[in-house]
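Please read the structure below before turning to the comments.
Order of the sequence lines sets the chain letters (A, B, ...), proteins ahead of strands, with each chain counted from 1.
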Amino acid sequence: MFYITTAIDYTNGSPHIGHAYEKVLADVLARWHRMCGEDTFLLTGVDQHGQKVQQKAEEADISPQEYADTVTKRFIALWERLGISYDGWAATTDARHKACVQKILTNLKEKGCLYKKAYKGFYSVRQEQFLTDKERGEDGNFGPEWGQVIELEEENWYFNLTAHTAWLKEFVTTHPECVTPDFRRQDLLQAIERATNDLCISRPKDRLSWGIPLPFDPDFVTYVWFDALINYISFAGYLSDGNPTLPDFNKLWPAACEVIGKDILVPAHGIYWFCMLHAMGFSDDEMPRLLVHGWLNIKGEKMSKSLGNIVDPNDLCDVFGPEAVRYYLVRDTKTGYDSDYDAERMKMIYNTELANDLGNLCNRSLNMCTRYLGGTVTVAAEPSADELSAALRQSMADTVARFTECMNAYNTSEALAALNAHVGQCNAYIEKTQPFMLAKDETRLPELQSVLSHLLESCVQVGYLIGCVLPDASARILSQLQVDAATLSPQTLAWGILKDGHAVQAPSPVFPRILSEEEKQKMAEKAAKAAAKAARKAAAQEQQ
RNA sequence: CGCGGGAUGGAGCAGUCUGGUAGCUCGUCAGGCUCAUAACCUGAAGGCCGUAGGUUCAAAUCCUACUCCCGCAACCA
């Protein structure tokens, strides 16, 4: 079972390119594991509770639920557009989730993990938290970043986090696979040393009403993180008493991969979440694995609302199409690290790798097969022994192995680079074998058939594998090749999918080039120049 | 001395851990090809690997010092 989750997005603003990256990454991994025949479940959703949603709703003079629903719709619409194939939708206002959170709270209280305590101190209204001396500036006051700071005394409920930190340190140290990449795990280990306070898990209702009420103390609602993190198990069927609308928890858990951003590793997932699970009684073997991704920066700067450089994925989809956006996001980002977003680069990668390389390869191969061989693939009983063809078959096998290895290591960028490298091999193979010349000599028909079958076989395998990133384009490629993806699997992908006599369709471009008017102009000039040169050459030859 | 990341041909990056011909993509230039989405293939130019020292037979890589850039309040993956 491959249970994969994403962070659930906070519904106080529209989705941006960073949200999209995380979901696309998770979706690509989910699709890959589905292709491999694994039972796969992808969970994503929205975090709808909390102070900021309540505030925004008050400003708009609507209920928090209405506000959250409005924003939620934007997320759902984007995920539909980007082809995110989620199996479960985690919205924290869902009654099933609320019930689960309350059951967990009740259980933890019975176990003695929760306690009520009065606390008096300085409270930041903006940040929704009490401040300690660590937050004081050099002059002894709290800086402007905390907004309005008031002195406040109130009772709250606490989770005995510190009772679990010794275990956590041991667990993270002895289970290197619990956080990927490893340098993030090192960050976490450092952060554990600093976790010296228990976690306040309640907010008085008079201050914040938009949340899940504590089942044993109705004057309080649950702190957003204690609510939100539980989505990973509540929507997996934890404590659901066999609710048929939820999955079987025992089948799903533990999550093979929880995809999160670097900002919420510490303390939320790395400390709170692991400790919460431990308190609930989950063993080391039942802990989820975290995949921590970096951020997309804009020209080296952090993306932020104040800088006004937020990128709306919908705008990109309008220009490039959703699949090009998907490809760019997982191709140009080294999983785990920050990367730079650049629309020009996205266009370049689309035009070169998808249009010029892969798209053109499929198109020219299918076209030659249609024109020269009537659309029928002829496969010899024994594959051609010539060096070029043998090398191409070897390249294909190596590529499948490399792709598999990279995808299993979450390395989408290198996986796609491997596919592209094989496409380059194929294009070079055409130059060397010159099938369009072979077609002019009837006696060389067997060679022509062999070359084209090698090319088309490569198109099938590459077109199939790329399906986890580009489901739609993959389907179109395989449709032209008349191959059913359902009959294939990465593990058994071997030379010889196309059988003798296989019929293919005439091609039509799957990845049309994206060019501005200016670029088209430039291309035209270049072509005119080349034509003039060819004409001069022809004239010179005629004179001789 | 706050913490961390970075500085490699025009652009973006890999290589640094485990010293030894500096590699990739794009761009530029030249040639080839004509099956193809004015695509494809081949080749070339272009770098004293931030600066200054040090270790070594040998340093982009190890050591030291310095310079410059970017994150580290909020919005926020």
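Atom CG of A/N420 and atom P of B/C24 are 14 Å apart (whole Å).
Ring-centre distance between A/Y341 and A/H16: not below the 6.0 Å cut-off.
Contacts of A/D332 with the nucleic acid, taken as non-hydrogen atoms under 4.0 Å apart, are absent. Residue A/M523 is in base contact, counting any heavy-atom pair closer than 4.0 Å across all strands shown.
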Less than 3.5 Å apart, which donor and acceptor atoms pair up between the side chains of residues 224-231 of chain A and the rest of the protein, not counting sequence neighbours?
residue, atom, partner, partner atom, Å
A/D227, OD1, A/H97, NE2, 2.7
A/D227, OD2, A/H49, ND1, 2.6
A/N231, ND2, A/A228, O, 2.8

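Within 6.0 Å of atom CD in A/E442, 12 or fewer heavy atoms from other residues, nucleotides or ligands are found, so the atom counts as exposed in its surroundings. Atom NZ of A/K169 has 12 or fewer neighbouring heavy atoms from other residues, nucleotides or ligands inside a 6.0 Å radius.
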Practice item. Encode nucleotides 29-34 of chain B as B, S and - characters from 5' to 3', where the letter depends on protein heavy atoms closer than 4.0 Å: B to the base, S only to sugar-phosphate, - to neither. Key: --SBSS
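The gap from the P atom of B/C72 to that of B/G53 amounts to 36 Å, rounded to the nearest Å.
Stem list for RNA chain B (at least 3 consecutive Watson-Crick or G-U pairs, distances under 3.5 Å): B:2-7 with B:67-72, B:10-13 with B:23-26, B:28-32 with B:40-44, B:50-54 with B:62-66.
Out of B/C40, B/U37, B/A77, the shortest distance to the side chain of A/A355 is found at B/U37.
Across every non-hydrogen atom of A/V266 and A/A191, the tightest pair is CG1-CB, 3.2 Å.
The side chain to side chain contact (heavy atoms under 4.5 Å, CB included) test applied to A/D263 returns A/W295, not counting sequence neighbours.
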Write down the protein N/O and nucleotide N/O pairs, taken from nucleotides 3-11 of chain B, whose separation is under 3.5 Å; answer none if there are no such pairs.
none

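For residues 411-449 of chain A, no pair satisfies ring pair (Phe, Tyr, Trp, His ring centres under 6.0 Å), with sequence neighbours left out.
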